[in-house]
J.: 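A single structure is presented below for examination.
Being a predicted model, the structure only gives us computed values, none of them experimental.
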Amino acid sequence: MSAPGPITVLDVGGTHVRSAAWSPGDGLGDTLNQPSPSRLRHPGTPVEELRERLLATLCAAVPRTPGGSVAGVSFGAALDHRSGTVYGSAPLFGDETTPLDLRGELRTRRPDVRWHIVNDVTAALLHFVSAPHRSGHRKVLLMTVSSGIACRTVDLRSGTIATDGCGLQGEVGHLPARARLAGAPVELLCDCGRPGHVSSYASGPGLRRMADVLRERAPGRWERSHLGRATAGGTAFEPALRAALDAGDELASELLDASTAPVADVLRTALCLDPELDELALSGGVATGLGAHYRASVLGHLRREGLYLTGERAPQWTADRITVCAPGEANGLIGAGIAALDAERRTSPGPEAAGTGTGAEHPAVVREGDATRLRPRPTPAPGPGELSVAPLVAGVCGTDLQILRGLREDGAPVLGHEGVARIVAAGPGVADPRLVPGARVVVNPTHPDDPSFLLGHNVDGMLQARMLVPESAVRGGLVVPLEQVPEGNLPALIEPLAVVRYALLALRRHAPDTLLVIGDGTVGHLAVRAARRWLGRPVRTVHVHHTQAGLEWSGRAPHRADHRVLPDGLRDGLPAGTPAGTLDRGRVAVLIATPAPATLPSLDLALAATRGAEVAVDLVGGLRRPAFSDWFPGTDLSAVRAANCGGTPEPPAVARLTTADGRTVSVLGHRGVANAHLEYAAAELCRDPEHYRDLVTHETDLAGAAAILTALARDEGRTVDGRRLVKLAVRAQEAPS
C-alpha cells in the first residue's frame, strides 16, 4: 500500500534538521533545512532544553491531515533499532547517555502521527541499496563520515539489518583508534568526551582538530601550503581543503591521510571478518564532499596495509568493493521514506499489497510543460517482436535539456537516450538468441532507416523503471547485448563516447596535427580525452569553453586539453604565442559539440581562426533546418549533417565545400552512431574507467532526476548542488520483475 498522502520525512543531524514530503510516485518535494538544536550548535545549553527544542521541531514539521499523518525520521544517534529509543548522540547531546524514548515522546506530543524512526545511517543505506544494480549483492556496508561516524550492514538476501542486544549495530565512531601527524602520535578527545576514538580524528570536527594540530606542529609548512594560505585568506576549512587537494597540496594530502587511517582500519577489519561484503560505501559530508580524494586516501592505506595474503594475491578484490557515494546517492530523507513505507505496508496491508488486478505500473520521469515529475506509467507486456527492458543507469544529455527548454519540438513524454538496461521480458518472435531476460543491453537511440524511432525524442526514453522497445528497433538490431558493462555510473557515458568514436574516426582520415574542440559539455570533454588514442597520431588539442566556470572546471580536471580558451581566445588578431596564433597552419580537425543554437556561430569562430590551415569540420552539434552560413553561400549544412545517420554510410559522407574567401574545407556531420561504436565505447570504459570517471559529476535516482531536470529547464546555468554539471547519471528504480 502507499501511505495516505505523502509521507513527511525528516533527517536529524548535529548541524541541520531537514524535512520534506516524499512519496514513491512524486519523489522528494522541496526540502526545508533549518539549524539543529544540538550541543554542536549550542554548547552551553542544558541537554534537557536541547531535547525539548528538538521534539518541538520534529512535531512542527509534520502537517495535520484528516485521518492522521505518517512520518519517517532518520535520526543521527545511537538508537535501539527495535524501539526507537535514543541512547546517545555526541553531535546532538554531547556526552549525555540517558536514554530518550524518542518514539514515545513524539507519540505523546503528536498522537495523530504514525512515527517510524530509524538511525540516519540505516536510512542512508536503505536508499543506497535501492539502486537496481545492487540487487545482486549479498551484503552492503555503508559508513557515514560527517559530524559523527557510524556504519550499518544489510543482508540483501534476507533484507535484514542485524542488531545486538541493545538494538545497535555499527557504532564504529567510538571504537579505539590511533593517529599520527608530522611524525608523532596525536591524542584528541571525541565529542562523546573520551579520547582516542575513530571520530576523534576522522569525523568532520575531528578532521578540523587534526588540522589545528598540524598547524601547531608545522607552522612554516602550514603557512606555505595551499591550505594554509586559503584559510588565512578567509576561506572556510572544508572548501579550502578540497581546493588544496585539487591543487596537489602535499600538506593537505598528509592531513587527509592521517584522518582516514582509522576509517581504513575499520573497513579492513570488516572485510577480513565478513568476505560476503560486496560493497563498502562511504557517505556523509566529509567523504562525499572530498569525493575521489577521500577514496584515493582510503585505498592508499589499504594498499600499504591490506588484508593478509589477499592484499598481495588479489589486490583489486578490496579496491573494487570501496565506493564513495556521490551527492544524493545515499539520501537519508528518501531512506526514511522507504523505511516508513515498508513499515506501513507490513502493519496495514492495502490493495496494492493484496493485488488489485488493475495492471502493472512503474515510475517514470514525465515531462509536464517546463517541468518533470515522477509519475506512475502503465507497464505493458511486450507484444510480438518487442522487448521490455529495465533501465539501470541512464544519462541526461544536453539534448534533453534543449527539449525541456523549448529549443526542440520532440514530443516524447519520457526523455533519455543514453545508458544501459536489463531485458525483463521478450515478446514472441524476437529472433536474436542473445536477447533473453537478464541480458544487459544498450539501445542504439537512432534508427538509420525508420525516422519513427528516435529514443527519448519521439519514443519514450530511459528515464523510467520500465521501457518498451518497439518491434522495428528490435528487428533493426538496435538492441545491443554487452559482454562487459562499465562499472558504477559509467554506462551514462557509453552513447556520448560512441559519438566521439564516430567523429574521431571520421576526422582521422584528415590526419590532423591539431584537434580544435568547441563545446565544454560531455562530448567536448570526451573528445579531448580520446583524441590521442583514436586519431592515430600525436595531436595537439585546443578546447574552447563558453564560460569562465567551464574553463576553471577543466583546469582542475585530471585529463585536459593542451590549450584551454574562451571564445575570445580564438578571435582574429591575437599574437602568435596564443593558441589562436598556431591554428592557421598545418592540418586542423574541428569538432563542434554545442547546442543547436550555437553550432553555426561556433563554425564561424572556427573558420575565422583557421585561415591558412587545411581544415576538416565535424558538426556533431545539432542544426536547425535549414542551416546556412555566410562561409558557404547556398549550402544547407543541415543536409550535409543529415547525410550520415545511424552509422551509415561507411565511410561517412564528407562534403568538400568552398568558402566565401576561396578555401576548400571538408565538412561532415552525423545523427546517431553504429552499434560497433557503442560496443567499442563500452569496452573502452571497462578498459580504462579512471580516464573518464570524473566526467560523471552527479548521480541521482528517478525522483532526484525529476527535481534536477525541472531546475535546469528553468535556469540556463549548469550548476547542481553547488557544483558544475558535466554528466548526470540516473539510477532508475526498478519495478518488480
J.: In this structure, which one of D274, T153, D278 forms a side chain to side chain donor-acceptor pair (under 3.5 Å) with K139?
T.: D274

J.: Any chance you could lay out the side chain to side chain contact (heavy atoms under 4.5 Å, CB included) test for E96 and R51, step after step, and finish with the verdict?
T.: CA-CA 11 Å; E96 178 64 51; R51 289 181 169 181; 3.9 Å; yes

J.: Ignoring hydrogens and geometry, is there a side-chain-to-backbone donor-acceptor pair from R693 to A292 under 3.5 Å?
T.: no

J.: Any side-chain heavy atom of L493 within less than 4.5 Å of one from P486?
T.: no

J.: Can you confirm whether more than 12 heavy atoms, excluding those of Q484, are under 6.0 Å from its CD atom?
T.: no

J.: With a 3.5 Å distance limit and no angle check, can you tell me whether T260 reaches the backbone of D257 through a side-chain donor-acceptor pair?
T.: yes

J.: Will you find, in the side chains of T122 and R152, an N or O donor that is under 3.5 Å from an N or O acceptor?
T.: yes

J.: Given 3.5 Å as the limit, does a donor-acceptor pair link the side chain of Q169 with the main chain of A162, or not?
T.: yes

J.: Does R440 reach the main-chain N or O of V420 with its side chain, forming a donor-acceptor pair under 3.5 Å?
T.: no

J.: Quick check: closest heavy atoms across N489 and R731, and the distance to 0.1 Å?
T.: N-NH2, 3.2 Å

J.: If you take all heavy atoms of V365 and A705, which pair is closest and at what distance?
T.: CG2-CB, 4.4 Å

J.: Is the backbone N or O of G13 less than 3.5 Å from a side-chain atom of S36, with the two atoms forming a donor-acceptor pair by type?
T.: yes

J.: Taking atom CG of L100 and atom CG of L79, what is their separation to the nearest 0.5 Å?
T.: 10.0 Å

J.: Should we count CZ of R313 as having more than 12 external heavy atoms under 6.0 Å?
T.: no

J.: Between D191 and R209, does any NZ, NE, NH1 or NH2 come within less than 4.0 Å of an OD or OE carboxylate oxygen?
T.: yes

J.: Just verifying a value: how many Å separate M467 CE and T379 OG1, rounded to the nearest 0.5 Å?
T.: 13.0 Å

J.: Are the side chain of S38 and the backbone of G14 linked by a donor-acceptor contact shorter than 3.5 Å?
T.: yes

J.: What distance separates L207 CG from S200 OG, expressed to the nearest 0.5 Å?
T.: 13.0 Å

J.: Could you walk me through whether L168 and T163 satisfy the side chain to side chain contact (heavy atoms under 4.5 Å, CB included) test, starting with their C-alpha distance in whole Å, then the side-chain angles of each, then the deciding distance to 0.1 Å, before giving a yes or no?
T.: CA-CA 5 Å; L168 298 172; T163 57; 5.9 Å; no

J.: Determine whether P491 and L392 make a side-chain contact, defined as any pair of heavy atoms from C-beta on separated by less than 4.5 Å.
T.: no

J.: Would you please test I334 and V9 for side chain to side chain contact (heavy atoms under 4.5 Å, CB included) and show each step?
T.: CA-CA 7 Å; I334 298 175; V9 290; over 6 Å; no

J.: Would you name the heavy atoms of A20 and G29 that are closest together and state the gap between them?
T.: CB-O, 4.0 Å

J.: Donor-acceptor check, side chain of S69 to backbone of P63, threshold 3.5 angstrom: yes or no?
T.: yes

J.: A side-chain contact here means heavy atoms from C-beta on lying under 4.5 Å apart; do V154 and F128 qualify?
T.: no

J.: Hey, is CD on E690 packed in by over 12 heavy atoms from elsewhere, all under 6.0 Å?
T.: yes

J.: Sequence neighbours excluded, which residues qualify as side chain to side chain contact (heavy atoms under 4.5 Å, CB included) partners of D30?
T.: none

J.: If you round to the nearest 0.5 Å, how far is CG of L302 from CZ of R304?
T.: 9.0 Å

J.: One thing to verify: whether R138 and E279 come together as a salt bridge, which I'm taking to mean a side-chain N less than 4.0 angstrom from a carboxylate O.
T.: no

J.: Under the 3.5 angstrom rule, does the side chain of S259 hit a backbone N or O of Y201 as a donor-acceptor pair?
T.: yes

J.: Inspect the contact between E238 and R242 and indicate whether a charged nitrogen and a carboxylate oxygen are less than 4.0 angstrom apart.
T.: no

J.: Report the C-alpha distance between T288 and V145 in whole Å, list the side-chain angles of each, state the deciding distance to 0.1 Å, and finish with yes or no for side chain to side chain contact (heavy atoms under 4.5 Å, CB included).
T.: CA-CA 8 Å; T288 294; V145 185; over 6 Å; no

J.: Of all the heavy-atom pairs spanning G148 and S199, show the shortest one and how long it is.
T.: C-OG, 4.4 Å

J.: Please tell me if the side chains of V366 and L463 come closer than 4.5 Å, counting only heavy atoms from C-beta onward.
T.: no

J.: With the side chain counted from C-beta on, respond yes when L267 and T318 share a heavy-atom pair under 4.5 Å apart, and no when they do not.
T.: no

J.: Can you tell if the side chain of I7 reaches within under 4.5 Å of the side chain of H116, non-hydrogen atoms only?
T.: no

J.: Roughly how far, to the nearest 0.5 Å, is CG of L271 from CD1 of I322?
T.: 5.5 Å

J.: Which atom pair, heavy atoms only, marks the closest approach of V324 to A287?
T.: CG1-O, 3.4 Å

J.: If you count heavy atoms of other groups shown closer than 6.0 angstrom to CZ of R194, is the number above 12?
T.: no

J.: When you measure from the side chain of R41 to the backbone of P35, do you find a donor-acceptor pair of N or O atoms at a distance under 3.5 Å?
T.: no

J.: State, yes or no, whether a side-chain contact exists between T57 and V12 at a heavy-atom distance under 4.5 Å.
T.: no

J.: Show the numbers, then the answer: is there a salt bridge (Lys or Arg N to Asp or Glu O under 4.0 Å) between K727 and E418?
T.: CA-CA 11 Å; K727 174 60 67 177; E418 305 172 344; 2.7 Å; yes

J.: Got more than 12 heavy atoms from elsewhere within 6.0 Å of CD, Q34?
T.: yes

J.: Donor-acceptor pair, distance only, cut-off 3.5 Å: does the side chain of N331 make one with the backbone of L333?
T.: yes

J.: Please report the interatomic distance CG(D265) to NE2(H301), rounded to the nearest 0.5 Å.
T.: 8.0 Å

J.: Give me the atom names and distance for the closest heavy-atom approach of V70 to V113.
T.: C-CG1, 4.5 Å

J.: Quick one, W115 and V62 - any side-chain contact, counting heavy atoms below 4.5 Å?
T.: yes

